[in-house]
There are 2 protein chains.
Amino acid sequence: MEVITLKDIAKALNLSTSTVSRALRDSYEINEKTKKLVAEYAKKVNYRPNPIALSLKDNKSRAIGVIVPEIANNFFSQAINGIEDEAYSRGYHVVICQSHESLEREKENLRHLFERRVDGILISLSGKTKDIKHILEYSESNFAVVFFDRVPESSGFHKVVADNFSGAFAATEYLIQQGKKRIAHITSPLTLSITKERLEGYKKALEKHGIVVDNELIKYCGFDPEEAKATINDFINTQKPDAFFTCSDRLALHCYEAFQSRKDEMPADTPFFGFTNLNVSHLFSPKLSTVVQPAYEMGARAAKILLDQLESKRKVKDFEKIVLETYLKIS
Amino acid sequence: MEVITLKDIAKALNLSTSTVSRALRDSYEINEKTKKLVAEYAKKVNYRPNPIALSLKDNKSRAIGVIVPEIANNFFSQAINGIEDEAYSRGYHVVICQSHESLEREKENLRHLFERRVDGILISLSGKTKDIKHILEYSESNFAVVFFDRVPESSGFHKVVADNFSGAFAATEYLIQQGKKRIAHITSPLTLSITKERLEGYKKALEKHGIVVDNELIKYCGFDPEEAKATINDFINTQKPDAFFTCSDRLALHCYEAFQSRKDEMPADTPFFGFTNLNVSHLFSPKLSTVVQPAYEMGARAAKILLDQLESKRKVKDFEKIVLETYLKIS
DNA sequence: TTGTACGCGTTATCAA
DNA sequence: TTGATAACGCGTACAA
């Protein structure tokens, strides 16, 4: 596979590179015959412009960066599918980085992508990220940033999220309708947007049905498996809830495992709910029901917003917040 | 976050860009005092060379491409983790593409990555790929390619694979030791290297234990859920095997679901084995045991080989084939 | 020890 | 209608 440049074509056809360049871009100032000649020859030798040269010239890379906590996770890999479909169909590359829930890694990723001159980034914040100073540094100098899933509170950004409130509300209400009254709520660190919204949904559902919120039934938990296990064990030992609602994708499995290993100490029909895109939850025993997020669509929408912004002439002034519906998957 | 170029530094310090360039690269021909001056100023303004300019100059991008059938799959996402860790630690970017088991998409991905001037690629072939003509086009013109997992038969390439033979052998032998004699073998298309190797392991285990291979118990199956379902149903309706061994990661779940939905028609202890890196298999009911591949290590090793090759002066003549051990995860 | 000039591949500007 | 030249940012051969 030979690499052909404009110069090669020019030499072969006895033209100047600028003529060839213009002919290929169908410029009005070029003779039709010349255009045809150039087009045919270019096709024959399979000419493709060197994207790196274009990047240098335009100071654009036609690549976007994605920063997520983890790839090996259904929610994020589905979201990435959405991002890639949108990006590739519009001629953009996607460079994926993982923060592994670490603020340091998130900073490194940002710097890395910025230096590589990606045109903009899509990011879902790490569990350790408490503010977005490190992101503002970049976004302020005209570097496009779109948040999805785990977004900051600050305004002044495009955001794409699931309707976490409604999802948590629906799951909680479902459990209440099953006759449950002491529903444990295990959730991610309060720094995350999703944590607050889901907790709110849980509380509002209880209130609607006249159940007093018991703060002993709400526990925040990091992403460490041991911590998840300890949390569940503690619940089973002391509060003895009649249902579990794990409000974090990353947490759900560890909690579920701890729950499963002690299921004999609980009534057989104790329901367990997660907030996860795990696509095999219906194969579990005991059953695992989940709130499912439209991960693919979230990714695709976020990418679309970013690319629209990159390709629009004027600087965006009004920022969108897209909220997509979740649905319950009852097992 | 300002973008600083050599020229900016040169102007600020009243030097030429070449002096600045050499000072930063610690050239012997530059005065120590100048070096220090430049280094300090560069650090202060946070100078970083523009990788795109370097790419254009060196005709290298310090990026590698990865083509896999699907990201949203534990095996591949774990392999990608290995690839990324190796690549990032050596200052390379990773661009990920999915073939979605389509030859056409695989070709597009190749062209895309090649045009983007990635320095080389890591690829696990799609299920539809029957030969590697489309890859030879590139590899012949000095474009580095390393295969992993699903590799071609052709010699002349670096390859990193799991010991598929031994994995399948061990799983089959385990089932035999459980007293099973009619073990169904459901596997991927014969075009894939992994298919043949795993089938061979299965057969050899049967032979070792004096069980005649019954070809009626071996079925090839595409990656379509319906096809998987039909295959399992057919087995249950006619051959009534006393154990199932699904030899494909992509297939295992669909087969398992079909199996589960008809488990009441089978003896309660009918074992089901997969060849998958699904990390929640132990939570399933009925039980799902698996042959697990060292996915992370496969990715990391493949990336290491590719990068070593890219950074080595001489052209590689003897190609390595790395074979990594699998292990059984009995549930 | 430092500076000037060039080239990587492309496009835009200016000249012919 | 076409061509020559400069510029994007960098490193290096050559000149001073």
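Residue numbering restarts at 1 for every chain, and letters A, B, ... go by the order of the sequence lines.
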| Would a distance-only check, ignoring hydrogens and angles, find a side-chain to backbone donor-acceptor pair under 3.5 Å from A/T19 to A/L15? | no
| message | At a heavy-atom distance below 4.0 Å, what parts of residues 31-40 of chain B sit against DNA chain C? | response | B/N31, B/T34
| said: Strictly below 4.0 Å: does B/S21 bring a side-chain N or O up to OP1 or OP2 of D/dG11? | reply: yes
| request: Calculate the interatomic distance between B/I4 atom CD1 and D/dC10 atom C1'; express it in whole Å. | output: 16 Å
| Donor-acceptor pair between B/E153 and B/S193 side chains, under 3.5 angstrom | no
| said: Counting only side-chain heavy atoms from C-beta out, which of D/dC10, D/dC14, D/dC8 sits nearest to B/L54? | reply: D/dC10
| So, does B/E101 use its side chain to make a donor-acceptor pair with the main chain of B/P69 at under 3.5 Å? | no
| query | Please give, in whole Å, the distance from D/dG11 P to A/L56 CG? | reply | 13 Å
| Reckon A/L15 touches a base, only the sugar-phosphate, or nothing at all at heavy-atom distances under 4.0 Å? | sugar-phosphate
| Under 3.5 Å donor-acceptor pair, A/S18 side-chain atoms to D/dA4 base atoms | yes
| So, A/H112 versus B/Y88, ring centres under 6.0 angstrom or not? | yes
| message | Heavy-atom nearest nucleotide on DNA chain D for B/L6 versus A/Y28: which residue maps closer to 5'? | response | A/Y28
| query | Got a second to check how far A/K128's NZ is from A/E104's CD, nearest 0.5 Å? | reply | 10.5 Å
| Bounds of contact between DNA chain C and chain B, in 5' to 3' order, using a heavy-atom cut-off under 4.0 Å | C/dT1 to C/dG9
| said: Looking at A/E29 and A/R22, is there a salt bridge between them, counting it only when a charged N and a carboxylate O are closer than 4.0 Å? | reply: yes
| task | Taking B/S55 for its side chain and B/K60 for its backbone only, find out whether a donor-acceptor pair lies under 3.5 Å. | result | yes
| message | Quick check on DNA chain C: between B/T19 and A/E29, whose nearest nucleotide comes earlier from the 5' end? | response | B/T19
| Between CD of B/E86 and CG of B/L122, what distance do you get to the nearest 0.5 Å? | 10.0 Å
| Starting at CG of B/N50 and ending at P of D/dA7, how long is that distance when rounded to a whole Å? | 18 Å
| message | Once you apply a heavy-atom cut-off of 4.0 Å, does A/R22 come out as touching a base, just sugar-phosphate, or nothing? | response | base
| query | Is any side-chain nitrogen or oxygen of A/K57 closer than 4.0 Å to OP1 or OP2 of D/dG9? | reply | no
| Nearest-nucleotide pick for A/I30, side chain only, options being D/dG3, D/dG9, D/dT2 | D/dT2
| request: Answer yes when B/K35 and B/E32 have at least one side-chain N-carboxylate O distance shorter than 4.0 Å, and no when they do not. | output: yes
